[in-house]
Enquirer: 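Take a look at this one; I'll ask things after.
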Amino acid sequence: MTTPQSVPASMFSAKLTVPAIGDAFRKLHPAALVKNPVLFTTAVVALLLTLLLALGGEPLPLGFQAQLIVWLWLTVLFGTFAEALAEGRGRAQAASLRATKSELAARLPNGQVVPASQLRRGDEVLVETGDLIPADGEVIAGVASVNEAAITGESAPVIREAGGDRSAVTAGTRVISDSIRVRVTQEPGQGFLDRMIALVEGAERQKTPNEIALTILLVGLTIIFLIAVATVPAFARYAGGHIPVAVLAALLITLIPTTIAALLSAIGIAGMDRLVRFNVLAKSGRAVEAAGDVDVLLLDKTGTITIGDRQACAFRPLDGIAAGTLAQAAMLASLADETPEGRSIVVLARETFGVAIDALPEGAEIIPFTAQTRISGVKTDAGLVQKGAVDAILRANPEAASGNHAPQLRRISEEIARSGQTPLAVARDGQLLGVIALKDVIKAGVRERFAELRRMGIRTVMITGDNPLTAAAIAAESGVDDFLAEATPEDKLALIRTEQQGGKLVAMCGDGTNDAPALAQADVGVAMNTGTQAAREAGNMVDLDSDPTKLIEIVGLGKQLLMTRGALTTFSVANDVAKYFAIIPAMFVVLYPGLGVLNVMKLASPESAILSAIIFNALIIPALVPLALRGVTYRPMGAGPLLARNLAVYGLGGLVAPFIGIKAIDLAVAGLHLV
Amino acid sequence: MTIEGWTLILLFTALTVALARPVGAFLFALYEGRTTPLHRVLGPVEWGFYRLAGVRPESEQTWRAYALHMLLFQLVLTVFTYALLRFQAVLPLNPRALGAVGGDGAMNTAIAFVTNTNWQWYAGESTMSNLSQMLALTIHNFLSAATGIAIAFALFRGFARRQSGTIGNFWADCTRVTLYLLLPACLVYALFLVASGVPQTLASSIDVTTLEGVKQTLVLGPVASQEAIKMLGTNGGGFFNANSAHPFENPTALTNLVQMLSIFAIGAGLTYCFGKAVGNVRQGWAILAAMMILFLAGAGITYWQEAAGNPVLHHLGVAGGNMEGKEVRFGIAASALFSVVTTAASCGAVNAMHDSFTALGGMIPLFNMQLGEIVVGGVGAGIYGFLLFALLAVFIAGLMVGRTPEYVGKKIEAKEVKLAVLAIAVLPLCILGFTAISAVLPAGLAGPLNKGPHGFTEILYAYSSGTGNNGSAFAGLTAGTPFYNGLLSVAMWIGRFFMIVPALAIAGSLAAKKYTPETAGSFPTTGPLWIGLLVGIILIVGGLTFLPSLALGPIADHLAMISGQLF
């Protein structure tokens, strides 16, 4: 499983960085900065030192003090810049969505045209060819093809019609043929478009539960280190010395977790942004975190595990019927059937039996498939051929059903079902001929993916309307852990509840109105954009591509977000060791010269040691911005190896990197005679 | 360093690990409220006690009720002890006719014993009457230990229970631990000590004629009974001022080994009990492994430093290790080991004077206490302190497996993080804060005997010992002043109850949570990786906080010693 490569190469393009620099300064406003307590502390310290410098009285070289202050302010600015940059990436997208929104107008049933912003829930509007749909709603009359490229980026039009599961329309999409009557389902400003704008902009971003907890931890560490630093002057006084405020400030700022604090919100915004670029809208950051925690994936068989269409693979005639006869009848019945299944029957008949009928005979009457009859066929002068579900064919031909061929038909059908295929019975003029076996084609690579998920501790459950026999066979072939056959929406809901009672987090996707309760119950419910309004309301994510396979990637993106957060937190905390070894000897060597031996990095002078630590502490933030925005490399594997790998990279790396970095900066500082 | 020395350290470690399982299994029976063989004899006592006190052991308490009952109990005990010490002059069993204990001293002692610190600013034989020793002090050796174990049980229940509003019954936990574990174990232990030569009598003293013909008065008393619980309950308050260095407290090499083992026995057993409680004993073993790594590292450093001795003295022609302040009977290895054991756990008993250790040798006991005494730790207090760090470690690194943090099946969220950080922040606040005050104010500066970094270490050690509820002292500090008695009382009280109440709140919050079953994707909290991570986080978060103070104390002291300057 690979996460989508969604970050453009031009992550640091001037188009994004220049406005971000401006925003970085705007975010210095105390009211905004206080939301990030660690950066706020840094800013307060920087301000304090600036004032002290202005008032004078610190027994330190002015140049040294000034440089410290500059780097402290830069630390804060790098933090606000990281957040601004992450936000900026969504802003261009938001701008075009806004433009779309502003041009929306609505035609009321009485012909009057009003701005879309005046529409309220329950209003009805007419939308004709070429019009933009003014508000989210439900088609209550008519059929139309709609181009949803403005939302999904997909230019192929989709059909929207009254009733059924394809009735939802979205504001900002364009009707390209026919006209529909739409009942508005949103209040002004709360539509899908509004939500999307807010999302990609990160404007209404609220801290997620895990972010809040992490912020508390960072504040806690800040307080602990504040105590550690605040008590130093008293200790120094006991030793008969004095530590300048600027030096204490440097110690404090290097110890408190500025790195992760500066990057925390950028990580969150970038994580959401990755989802948006992956054409998935998460309604909250909480849902993205939940995706990382998912234990059970409910996957729809069709489209996710198997390719949507079944293929005919064998003709099984009843005793006394020639295989060719069955093939010919099957082909005749399928000629008018434009579904992939129907076409595959034609192909199979032609290839295996050389049946050569190119077109329906003149005057043939086509019997279309309906959900009620579950039979399709053709009526010609020669007679009536029918194909359909086994029980439907038997029901439609009651004489044959009580005849002596029926048990054999049933037996063959069962055999076919047991091997994971779908039986389709064929009859001509009330006489049973045999069964066509339709085969589900498992998607390539699905088995390996499920094995990957298993290693990650995620259980997969296949949801299918098939009978248990067929389902079991497909489940075995695809390597899915479990299956739910003949699944009704109620079954789905019950399954989710059972798993949740066992403490599991469940993810599923769905599109129909009857999926809505399950989507709402699931911890991660991904609604297909083609689905009904009810489904889109119930889920906590909407997949704009309506691709149920993406559920697996969504889990990966959730995990990547959490891993990035954890990796940078660990890195940030591990950094402290080296910073201590830079500052403690520099600070205390005046009190006890012997403490110089703690200067294991052999930094040039106390001033350059302190300055180098502060510079490293500041520069590490922009250095890690690409990682924060891109996310750490995510490979699906078990938690043990994953932790080993990340601890080695970010834990050990976090211990070692600053020793090297501070030493290098110190060489530069000393070489350039900056202090 | 000698082979014998290392053998002793390793043998001791092996014995500790071996004890964890049997002791832990028995603790687990008490945790679950199951019937043990001892119930046939003591069961009626337990029930009689409940009836007398009006306690219904099966009625469960919320964390708030549990905490409230615990706090009220401690408050009453503190007041009771204070009163007893103030009135000891007019109370019976005062053969040496000792006067009342002063106000600040009595308060300090009352708090010291209620909080399981047993900080002793006084010399026991010349300050406390037998009644005070037995009723006011020894009783706390049991009750404060039982309280610690009860809190650990409550926290275990938080992890083990699913969607539960309650975490047990404080009175039942306390009674069971005292009645079935502490009292019987101490009875046997005391008899062993008596057999080894420890006195157990109500007589106050005997007069003996020494070999030189001088008459000497030897103070006696009910020593063995107090000695047993002093160790087993990690109390550390000795009958004599010399504590376990006194031949009447610790007469033989065997009693010395058994004393050290008994300090660790319950703490180590609680790790196993935790594993049993959460349904995976490997969780408990992982904790014990991390503790033992920290312990062996500390014991190794102290032994190495003490055996290396003092270069200043070497130049003067005194060869060998540092024997200053050590009992010749025990020697360097047994003294170094004892000092690390007593501070790793929150015992505070000593068989040598930590003040006389080399700077770095003495830094390890100090550092052990600053970490919050979580290396095995005080009975109960060690494991609940350690679990707070475990929560922190899970929270910092747990995200790296791509799931929100969870530990033994419980999600760790904002509330737990807040409480854990709050409890952990208490350590630097009290230790560093009070040290800073004392290092500046004249009343504080009057305390230390020595000057320079060593004097600073004496102050730092006192507050580390008080906040960590250890009770051992760097003997150089004159702590029996109103200033130190007062500040240390506050440190001890905060160090105890500002840890316990958040721990109970965490228990309550965790107990109410759903259980998240472990999968291949869950953060692994059993293997070597986790153990290494725990050690790393404890050293970084716990350790770095105290590095500046250590640099100005023992480290500066050590570097000065190398360059030939002594304090």
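Chain letters run A, B, ... following the sequence lines, proteins first, then strands; residues in each count from 1.
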Enquirer: Any donor and acceptor pair, going by atom type alone, linking the side chain of B:Arg403 with main-chain N or O of A:Gly292 inside 3.5 Å?
Expert: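 Not a single qualifying donor-acceptor pair exists.
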Enquirer: Of the listed residues (A:Gly640, A:Gly566, A:Ala567), which shares the most heavy-atom pairs with chain B below a 4.5 Å separation?
Expert: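 Ranked by heavy-atom pairs under 4.5 Å with chain B, first place is A:Gly566.
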Enquirer: Look at A:Ala574, A:Ala644, A:Gly651 and state which one has the largest set of heavy-atom pairs under 4.5 Å with chain B.
Expert: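 Of the options given, most contacts go to A:Ala644.
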Enquirer: Can you name the nearest heavy-atom pair linking A:Ala639 to B:Pro524, along with the distance?
Expert: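 Closest pair (atom of A:Ala639, atom of B:Pro524, distance): CB-CD, 4.1 Å.
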Enquirer: Between B:Leu552, B:Val417, B:Thr545, who has the most heavy-atom pairs with chain A when the cutoff is under 4.5 Å?
Expert: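 Option with the greatest count: B:Leu552.
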Enquirer: Which bit of B:Lys418 comes within less than 4.5 Å of chain A, counting heavy atoms only: side chain, backbone, both or neither?
Expert: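 Looking at B:Lys418, backbone and side chain both touch chain A.
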Enquirer: Kindly say whether B:Gly452 contributes a backbone atom to a donor-acceptor pair with the side chain of A:Tyr238 at under 3.5 angstrom?
Expert: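 Yes, A:Tyr238 side chain to B:Gly452 backbone: donor-acceptor pair under 3.5 Å.
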Enquirer: For B:Thr435, is it the side chain, the backbone, both or neither that has a heavy atom under 4.5 Å from a heavy atom of chain A?
Expert: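 It is both, since atoms from each part get that close.
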Enquirer: Answer yes or no: does atom NZ of B:Lys411 have more than 12 heavy-atom neighbours from other residues, nucleotides or ligands under 6.0 Å?
Expert: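 Yes - once you tally the heavy atoms of other residues, nucleotides and ligands closer than 6.0 Å, there are more than 12.
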Enquirer: Ignoring hydrogens, what is the shortest heavy-atom contact between B:Pro428 and A:Ile227? Give both atom names and the distance.
Expert: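 Of all heavy-atom pairs spanning B:Pro428 and A:Ile227, the closest is O-CG2, 3.5 Å.
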Enquirer: Side chain, backbone, both or neither: which part of A:Arg455 has an atom under 4.5 Å from a heavy atom of chain B?
Expert: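 The answer is the backbone of A:Arg455.
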Enquirer: Quick one: CG on A:Leu655 to CD1 on B:Ile540, what's the gap to the nearest 0.5 Å?
Expert: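 Spacing of CG (A:Leu655) from CD1 (B:Ile540) equals 5.0 Å.
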Enquirer: Counting heavy-atom pairs under 4.5 Å to chain A, which of B:Ile562, B:Leu422, B:Leu559 comes out on top?
Expert: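 Of the options given, most contacts go to B:Leu559.
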Enquirer: With respect to chain B, which residue among A:Lys504, A:Gln500, A:Gln501, A:Lys559 yields the maximal number of heavy-atom pairs within a distance under 4.5 Å?
Expert: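 The option with the most such pairs is A:Lys559.
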Enquirer: At under 4.5 Å between heavy atoms, what parts of residues 578-586 of chain A are in contact with chain B? List them by residue number.
Expert: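 Near chain B, by residue number: A:Tyr580, A:Ile584.
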Enquirer: With rounding to the nearest 0.5 angstrom, report the OG1 to CG distance, B:Thr516 to A:Asp295.
Expert: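 So the OG1 of B:Thr516 and the CG of A:Asp295 are separated by 7.5 Å.
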Enquirer: What orientation do A:Phe235 and B:Phe456 show, parallel under 30°, tilted 30 to 60°, or perpendicular over 60°?
Expert: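 Geometry flag for B:Phe456 against A:Phe235: perpendicular rings.
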Enquirer: Looking at A:Gly240, A:Gly502, A:Ala239, which has the largest count of heavy-atom pairs under 4.5 Å with chain B?
Expert: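 Top count of heavy-atom pairs under 4.5 Å with chain B: A:Gly502.
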Enquirer: Is it the side chain or the backbone of A:Leu217 that comes within 4.5 Å of chain B heavy atoms, both, or neither?
Expert: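 Its backbone and side chain both get close to chain B.
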Enquirer: List the atom of A:Met563, the atom of B:Met400, and the distance in Å for their closest heavy-atom pair.
Expert: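 For A:Met563 and B:Met400, the tightest heavy-atom pair comes out as CG-O, 3.2 Å.
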Enquirer: Determine the minimum heavy-atom distance between B:Ala414 and A:Ile216, stating which atoms define it.
Expert: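 Shortest heavy-atom separation between B:Ala414 and A:Ile216 comes out as CB-CD1, 3.8 Å.
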Enquirer: Would B:Thr404 and A:Asn210 count as having a side-chain donor-acceptor pair, cut-off 3.5 Å?
Expert: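 There is no such pair (donor and acceptor under 3.5 Å, judged by atom type) between the side chains of B:Thr404 and A:Asn210.
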Enquirer: Considering residues, nucleotides and ligands other than A:Phe659, do more than 12 of their heavy atoms fall under 6.0 Å from its CZ?
Expert: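 Enclosed.
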Enquirer: Heavy-atom cut-off 4.5 Å, strictly under: side chain, backbone, both or neither for A:Val294 against chain B?
Expert: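 Looking at A:Val294, just its backbone touches chain B.
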Enquirer: What part of A:Val597 lies closer than 4.5 angstrom to a heavy atom of chain B: side chain, backbone, both or neither?
Expert: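 Only the side chain of A:Val597 comes within 4.5 Å of chain B.
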Enquirer: Quick check on the interface: out of B:Ser563, B:Ser549, B:Gly444, who has the most heavy-atom pairs with chain A under 4.5 Å?
Expert: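 If we count pairs closer than 4.5 Å to chain A, B:Ser549 comes out on top.
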Enquirer: Let me know if A:Arg645 has heavy atoms under 4.5 Å from chain B in its side chain, its backbone, both or neither.
Expert: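 Neither the backbone nor the side chain of A:Arg645 comes within 4.5 Å of chain B.
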Enquirer: Of all the heavy-atom pairs spanning A:Arg565 and B:Leu399, show the shortest one and how long it is.
Expert: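 Taking A:Arg565 first and B:Leu399 second, the nearest heavy atoms are CB-CD1, 4.1 Å.
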Enquirer: What's the separation between atom CG in A:Leu643 and atom CG in B:Leu529, rounded to the nearest 0.5 Å?
Expert: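 A:Leu643 atom CG to B:Leu529 atom CG measures 4.5 Å (nearest 0.5 Å).
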Enquirer: Tell me, for A:Ala290 versus chain B, whether the close heavy atoms (under 4.5 Å) come from the side chain, the backbone, both or neither.
Expert: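 Neither the backbone nor the side chain of A:Ala290 comes within 4.5 Å of chain B.
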Enquirer: Quick one: which of A:Leu221, A:Leu214, A:Leu598 has the most heavy-atom pairs under 4.5 Å with chain B, could you say?
Expert: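 Option with the top pair count is A:Leu214.
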Enquirer: Taking side chain as everything from C-beta outward and backbone as N, CA, C, O, which of these in B:Leu392 sits under 4.5 Å from a heavy atom of chain A? Side chain, backbone, both or neither.
Expert: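 Contact with chain A involves the side chain of B:Leu392 alone.
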Enquirer: On a heavy-atom basis, which atom in A:Ala234 and which in B:Ala439 lie closest, and how many Å separate them?
Expert: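 Answer, listing the atom of A:Ala234 first, then B:Ala439: O-CB, 4.2 Å.
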Enquirer: Below 4.5 Å, heavy-atom pairs only: which of B:Leu445, B:Val440, B:Ile431 has the largest tally toward chain A?
Expert: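 Among the listed options, the one with the most contacts to chain A is B:Val440.
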Enquirer: Is A:Leu505 in contact with chain B via its backbone, its side chain, both, or neither, using a 4.5 Å heavy-atom distance?
Expert: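 Answer is neither: A:Leu505 stays 4.5 Å or more from chain B.
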